[in-house]
Amino acid sequence: MSRLLLVTGDPEYDARFRKAVEGRLPGEIQTVFSTSLPATPDELLGRSVGELPTVIVLGPGVDLHVALRLGGIFDIQRPEVSLILVVPADMSLAVAALRAGFRDVLDQDADADEMLGTLSRVLDTAASRRRTLPQGGSFGAGPHEVVAPHRDDSRVIVVTSPKGGVGKTTVATNLAVGLGALAPMNTVIVDLDVQFGDVAAALRLAPEHSLTDAVTGPAVDDALVLKTFLTVHPASIYALCTPANPAEGDLVGAAQITHLIDQLSSQFQYVVIDTAPGMGEHALAALEAATDVIFVTGMDVPGVRGLRKEMDLLGEMALVPENVSVLVNAADRNTGLSVRDIEATIRTTVDHMVPRSRMAAYATNRGVPLILHAPRDKAARQLKSLVDTFSPNHPTAKRGMHRKAMV
Ligand SMILES: Nc1ncnc2c1ncn2[C@@H]1O[C@H](COP(=O)(O)OP(=O)(O)OP(=O)(O)O)[C@@H](O)[C@H]1O
Ligand SMILES: [Mg+2]
């Protein structure tokens, strides 16, 4: 379990730091209230209790010159501990800190989301670094050896529909942020609408890296390197967005997607995948690796018929994941179609009805998922109950039922 150690003389900063991090990052936080820094890493580590910290943040109040020197010594003597320096807005100081061996710097006035983003990035890189350090070697690793976590209880949830514009991205982004509350920093949303993906817009993110970085280069061989290419969203989730250039996205092949999902599912409890309309190679690769699929349709005859065809085809190709649910979105009484009509056409039950809501479009345009923007909205409440079905305690009563109906 990772540990964060904050060294500062400023109780107000301590309170802000804890508010930003507690419950959103795994592990324990300890604060050493002091402005005087010792000369050596071991002296500083001696002031904390318990296991070796993963990350030490030297906060406001410490002497910055002493901090820079100590950062350099840590880098040589204790490379398994990552240091972050909190600095006033001063570029030259930030550069000096990075040169000295600090892993990152935090602006003194950084808000909670910036703090969370920096800390999670440094924690991920620290985990990767510790894995490659010699075991029990000159670093005195002792009880803090880190083994790369590999989970097998992960849920890979694909959101798909035969038709465009029915609400896949709305469902996927709301599901992901909802799961972020159940499993903070343990949920990732992947945009596999490689050409025209809009997860970044729906979550108001400006990603530094995209899908292309994640499926090429060093990320391919190391799931922890891959994690550094993800973008952190304030709802305690990660996102992997599509490249800004649609042509670039098209160069990503199905085998790369299969490998990517394998890597992500070894690291995250929930992998939510948004797809382009229809059954392109990326969606099929995702479905092959999925544990769950959510079929989304609107309340219109062509959409519902299209869904039936998609279900039939996937059944023939044996690409139906273990758990299947059907979500009717933008449901409206005045369409002339009833739930019974839809169920009769698709020959299986409808699991979720998300009503049409004016707030949905507003939330999309604001880049804030509906369940965060207007949690009491009627559509938000249905999306929240979709999230709850993925809670580890929820009985998966419908498992297998749809499959039987579909094949
Ligand atoms: N329940 C709803 N009520 C009203 N509007 C909705 C609802 N769900 C989604 N919308 C709106 O419908 C539009 C399309 O939704 P969204 O982008 O989620 O669909 P999509 O299936 O991902 O589309 P595409 O196939 O183009 O990727 C958005 O403007 C969204 O805000
Ligand atoms: Mg979409």
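One-based numbering, in listed order, for ligands and for the atoms of each. Everything numeric in this text was worked out from a predicted model, so none of it was measured.
Closer than 4.0 Å to atom 13 (C) of ligand 1 lies none of the heavy atoms of the protein.
In this structure, atom 17 (O) of ligand 1 lies nearest to the protein heavy atom T169 CB, 4.0 Å. Atom 18 (O) of ligand 1 has T170 OG1, 2.5 Å as its closest protein atom, hydrogens excluded (heavy atom only). S357 N, 2.9 Å is the protein heavy atom nearest to atom 3 (N) of ligand 1. N329 ND2, 2.9 Å is the protein heavy atom nearest to atom 8 (N) of ligand 1. Nearest protein heavy-atom contact of atom 19 (O) of ligand 1 is G167 N, 3.0 Å. With hydrogens left out, the protein atom closest to atom 26 (O) of ligand 1 is G165 N, 3.7 Å, a heavy atom. Protein heavy atom in closest approach to atom 6 (C) of ligand 1: A360 CB, 3.6 Å.
Every atom of ligand 1 is numbered from 1 in the order shown, and the set under 4.0 Å from a heavy atom of P277 is 25 (O). Close approach of ligand 1 to G164 is summarised as follows: ligand atoms under 4.0 Å from at least one heavy atom of the residue are 25 (O). Applying the 4.0 Å criterion to heavy atoms of D193 picks out, from ligand 1, the atoms 27 (O). Near K168, meaning under 4.0 Å from one of its heavy atoms, ligand 1 places the atoms 18 (O), 19 (O), 20 (P), 21 (O), 22 (O), 24 (P), 25 (O). Near A361, the atoms of ligand 1 lying under 4.0 angstrom from a non-hydrogen atom of the residue are 31 (O).
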What's the verdict on salt bridge (Lys or Arg N to Asp or Glu O under 4.0 Å) for D377 and K384, showing C-alpha distance, side-chain angles and the deciding distance?
-> CA-CA 10 Å; D377 175 84; K384 174 69 176 60; over 6 Å; no
Would you please test H373 and R366 for side-chain contact (heavy atoms from CB on, under 4.5 Å) and show each step?
-> CA-CA 9 Å; H373 177 69; R366 292 274 313 264; 3.7 Å; yes
For side chain to side chain donor-acceptor pair (under 3.5 Å), just list the numbers for S338 and D341, CA-CA rounded to whole Å, side-chain angles, deciding distance to a tenth of an Å, and then say yes or no.
-> CA-CA 5 Å; S338 69; D341 296 332; 3.2 Å; yes
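Taking backbone and side chain together, T275 holds no N, O or S atom under 2.8 Å from the Mg ion (ligand 2).
With values rounded to the nearest 0.5 angstrom, I342 atom CD1 is found 12.5 Å from R305 atom CZ. We find the OG1-CG distance between T170 and L383 to be 8.0 Å, quoted to the nearest 0.5 Å. Rounded to the nearest 0.5 angstrom, I257 CD1 and H282 NE2 are separated by 5.0 Å.
Taking 4.0 Å as the cut-off, A202 does not count as a neighbour of ligand 1 on heavy-atom distance. Residue A330 places a heavy atom under 4.0 Å from ligand 1.
Contacts between P355 and ligand 1 below 4.0 angstrom, taking non-hydrogen atoms only, involve the backbone exclusively.
F295 does not carry K168 over the face of its six-membered ring by the limits of under 6.0 Å from the centre and within 45° of the normal.
In terms of polar-atom proximity, defined here as any N/O pair under 3.5 Å, V166 does make such a contact with ligand 1.
Side-chain N/O atoms of T231 and E208 include no donor and acceptor closer than 3.5 Å. A side-chain donor-acceptor contact under 3.5 Å links T169 and D198.
When each of Q267, H233, M185 is tested with Y238 by the rule side-chain contact (heavy atoms from CB on, under 4.5 Å), just one qualifies, namely M185.
When V328, T173, T364 are checked for heavy-atom proximity to atom 30 (C) of ligand 1, T364 turns out nearest.
Contact detail for I371 and A380: the closest heavy-atom pair is CG2-O, 3.4 Å.
Between the side chain of E114 and the main chain of D111, a donor-acceptor pair closer than 3.5 Å is present.
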